[in-house]
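Below is one structure; the comments refer to it alone.
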Amino acid sequence: MKNRIYILLAMFLMCGLSQIASAKTPNVHAEAHRHQLAAAKNIGLDKSTITRMVEEDIAARESIRTMSAETEELLNDLLSEARSHLGKRYSRGSKGPNAFDCSGFSSYVYRQFGYSLSPSSRDQYNQGEKVDRKDLRKGDLVFFKGRSVKGGVGHVGIVVNADEKGNFTFIHASTSRGITVSNCNEPYYASRYVGGKRVVNE
């Protein structure tokens, strides 16, 4: 008798629970569906916004990198002049043409094309138009901290080439190698980069 009662009670409970579950399931599914739709809409908006922002950024960067034929020729000539001094020795305070310090080199090269730069790298950093690292192009000036990473601008070079990721090579007067071309990712320069300036505008 007791076994029958237990069996009946168990069946009753099972039926009740299944009814409760079946009653709740549609609500749970409906709620989940609403969340999924909301998430899908949000993702769609985010994607379109991101796409638009990327397109605008690409267009802006292309317009910055685009230059007239005259400007490109000028910058090519400027870099040819800079390369003609490769291997010349470094000498503190020297302004060329037989020896240079860093700011003496950049000011000498630019002076050959009618541009007047201040005699120190710190002062040159206050000239020209500020350029984001990812927008650098050949001919731009790039600045670095001196031997002390805590100090201000202490070194300058001229960009030889650059890509959209912010990587670049530059020609400069190195204290140890004289006029040479270096890469921004070399540890010494990577930790000391300050910023870029554009002297030759369209």
Q. Can you name the residues that form a salt bridge (Lys or Arg N to Asp or Glu O under 4.0 Å) with Glu70, not counting sequence neighbours?
A. none

Q | Single-linkage hydrophobic cluster Val156~Tyr90, side-chain heavy atoms < 4.5 angstrom | A |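 Each belongs to a different hydrophobic cluster.
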
**Q.** From CA spacing to verdict: side-chain hydrogen bond (donor to acceptor under 3.5 Å, both in side chains), Lys138, Asn76
**A.** CA-CA 8 Å; Lys138 59 186 176 183; Asn76 286 338; 2.6 Å; yes

How far apart are the closest heavy atoms of [X] and [Y], and which atoms are they?
X	Y	result
Phe100	Lys88	CE1-CD, 4.0 Å
Val160	Ile171	CG2-N, 3.7 Å
Leu136	Gly196	CD2-CA, 4.1 Å
Ser116	Gln127	O-NE2, 3.3 Å
Ser121	Phe143	O-CE2, 3.4 Å

How about [X] and [Y]: does a side-chain donor come under 3.5 Å of a side-chain acceptor?
X	Y	answer
Ser174	Ser176	yes
Ser103	Ser106	no
Ser120	Asp123	yes
Ser182	His172	yes

Q: Sorted by first residue and then second, give each salt bridge (charged side-chain N to carboxylate O under 4.0 Å, His left out) pair with at least one member in residues 92-115; sequence neighbours left out.
A: Lys95-Asp101

Where the side chain of [X] meets the backbone of [Y], is there a donor-acceptor pair that is under 3.5 Å apart?
X	Y	result
Lys145	Gly152	no
Gln124	Pro119	no
Ser91	Ser94	no
Ser191	Pro187	yes
Arg198	Gly128	no

Answer yes or no: is there a side-chain heavy-atom contact under 4.5 Å between [X] and [Y]?
X	Y	result
Cys102	His155	yes
Tyr110	Leu78	yes
Cys184	Tyr189	no
Thr71	Arg137	yes
Lys130	Lys197	yes

Q: I would like to know whether Leu74 and Tyr115 meet side-chain contact (heavy atoms from CB on, under 4.5 Å); could you show each step before the answer?
A: CA-CA 12 Å; Leu74 169 61; Tyr115 292 88; 3.7 Å; yes

Q: For the pair Thr169 and Asn183, evaluate side-chain hydrogen bond (donor to acceptor under 3.5 Å, both in side chains) and give the outcome as yes or no after the intermediate values.
A: CA-CA 4 Å; Thr169 57; Asn183 190 297; over 6 Å; no

**Q.** Rounded distance [0.5 Å steps], NE2 in His85 versus OG1 in Thr180
**A.**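 Separation between the atoms: 14.5 Å.
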
Q: Assess whether atom CD of Gln112 is packed by more than 12 heavy atoms of other residues, nucleotides or ligands within 6.0 Å.
A: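 Yes - once you tally the heavy atoms of other residues, nucleotides and ligands closer than 6.0 Å, there are more than 12.
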
**Q.** Sole candidate of Ile158, Val159, Val131 that passes side chain to side chain contact (heavy atoms under 4.5 Å, CB included) when paired with Val142
**A.**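 For Val142, the side chain to side chain contact (heavy atoms under 4.5 Å, CB included) check succeeds only for Val159.
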
Q) Between Arg133 and Tyr193, is NZ or CZ placed under 6.0 angstrom from the six-membered ring centre and within 45° of the ring axis? A)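 Yes; both conditions hold, so Arg133 lies above the ring face of Tyr193.
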
Q. Between Phe144 and Phe170, does the ring centre distance come in under 6.0 Å?
A.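 Yes: the rings meet the under 6.0 Å criterion.
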
